[in-house]
Amino acid sequence: MMESFHIGAYWSARAESLNIVKNKVQHTLKTLRNIDDQFLNWYETGTSRSNALERKLDLDDDSAIEKLCLEKVKKGELNESGIAKMGFLFSLWTGDQVEEESSSITFNVGKSSKRLNNSCVLKLPNLGVAKERLLGVEKSKRILSKLVEIWSPDYAVLTSHGLRDELEVGNKLGYITYQKEIRRQPRLSDHVKYEQMNGGHLFFIPVQKELSSVIKELEPIKKALPQ
């Protein structure tokens, strides 16, 4: 089965206004565009591929980004401060000619309800040269660090469906892991690198096909994760 990878940032309830979210979304998309050619173009989703490809997003158009943010906000949910209790939710994709070589990004942000979490998740291509390029440690670490810088999450990760299922800690640990807080500093093997970043902790290991060896290397970090 084809393994799929994503880079995601996750955080608990945090009220953010429409204007703040709009600016962060715009900053995220422009930053990704500057990091890799995979993210030069973004399209809104549509009823079909051809319909979606007619809906290219202009990253300099503030009103278009604001409209996207409001796409699923129901009438009366946005208060006078521009805050929506249920937040702002929408997705975009890169529209590559081969579907499996496309990326997508989902913003589920601005939620103030304590029962709901926030996230910004970038799905990487399943196939193609861009996939191999983006899974390189330096490239993926740069993307993840920018998501952390922009969104200030509780944790962020580069992981795959296979690794996530094996680790059984959701999206809290992966090939690259940022944790704002940990219970203790783990003892790491030479294959796992550590840096301090944005007041938190960054661990990273190259993407490998042998999941069992990756899981073994990540076990000390798993034990240090917040409860």
Hey, are the side chains of [X] and [Y] touching, using non-hydrogen atoms and a 4.5 Å cut-off?
X    : Y    : result
Q179 : P226 : yes
V25  : L68  : no
I105 : T28  : yes
L202 : L144 : yes
S152 : W11  : no
L29  : F107 : yes

Okay, side chain of [X], backbone of [Y]: is any donor-acceptor separation there less than 3.5 Å?
X    : Y    : result
E77  : K85  : no
E101 : A130 : no
R33  : L40  : no
Q26  : L59  : yes
K193 : D190 : yes
N79  : S81  : yes
N108 : N118 : no

Residue pair L167, V214: steps toward the side-chain contact (heavy atoms from CB on, under 4.5 Å) verdict: CA-CA 10 Å; L167 288 170; V214 175; over 6 Å; no
Co-members of the apolar cluster containing V121 [side chain, <4.5 Å]: Y10, Y155, V157
Do other residues, nucleotides or ligands put more than 12 heavy atoms under 6.0 Å from the [atom1] atom of [X]?
X    : atom1 : result
E181 : CD    : no
Q185 : CD    : yes
R187 : CZ    : no

Steps toward side-chain contact (heavy atoms from CB on, under 4.5 Å) verdict (L188, I221): CA-CA 8 Å; L188 305 172; I221 308 173; 3.7 Å; yes
Would [X] and [Y] show up in the same hydrophobic cluster when neighbours are defined by side-chain heavy atoms closer than 4.5 Å?
X    : Y    : value
M197 : Y194 : yes
Y175 : I215 : yes
L70  : L89  : no
I83  : I65  : no
V109 : M86  : no

Ion pair check, K30 and D60, cut-off under 4.0 Å: yes
Inter-residue atom distance [X].[atom1] - [Y].[atom2], 0.5 Å rounding:
X    : Y    : atom1 : atom2 : answer
H6   : L122 : NE2   : CG    : 9.5 Å
K216 : L211 : NZ    : CG    : 15.0 Å
I150 : T31  : CD1   : OG1   : 4.0 Å
S189 : E219 : OG    : CD    : 12.5 Å
K22  : K24  : NZ    : NZ    : 14.0 Å
R164 : L173 : CZ    : CG    : 12.5 Å

Taking all heavy atoms of [X] and all of [Y], pick out the closest pair and write down the distance.
X    : Y    : answer
S102 : D96  : OG-N, 3.0 Å
Y43  : T94  : CE1-O, 3.4 Å
K180 : H201 : O-CD2, 3.8 Å
L147 : P153 : O-CD, 4.1 Å
N117 : K111 : O-CD, 3.3 Å
C120 : W151 : SG-NE1, 3.9 Å

Non-neighbouring partners of S213 that pass side chain to side chain donor-acceptor pair (under 3.5 Å), sequence neighbours left out: Q208
Residue pair E99, W93: steps toward the side-chain contact (heavy atoms from CB on, under 4.5 Å) verdict: CA-CA 10 Å; E99 184 68 27; W93 68 303; 3.8 Å; yes
Among L32, L124, V129, L134, the one residue meeting side-chain contact (heavy atoms from CB on, under 4.5 Å) with Q38: L134
F203/I205 under side-chain contact (heavy atoms from CB on, under 4.5 Å): CA gap, chis, key distance, verdict: CA-CA 7 Å; F203 305 91; I205 185 173; over 6 Å; no
Qualifying side chain to side chain donor-acceptor pair (under 3.5 Å) pairs, either residue in residues 130-148, two or more places apart: D36-R133, D36-K139, K141-E195
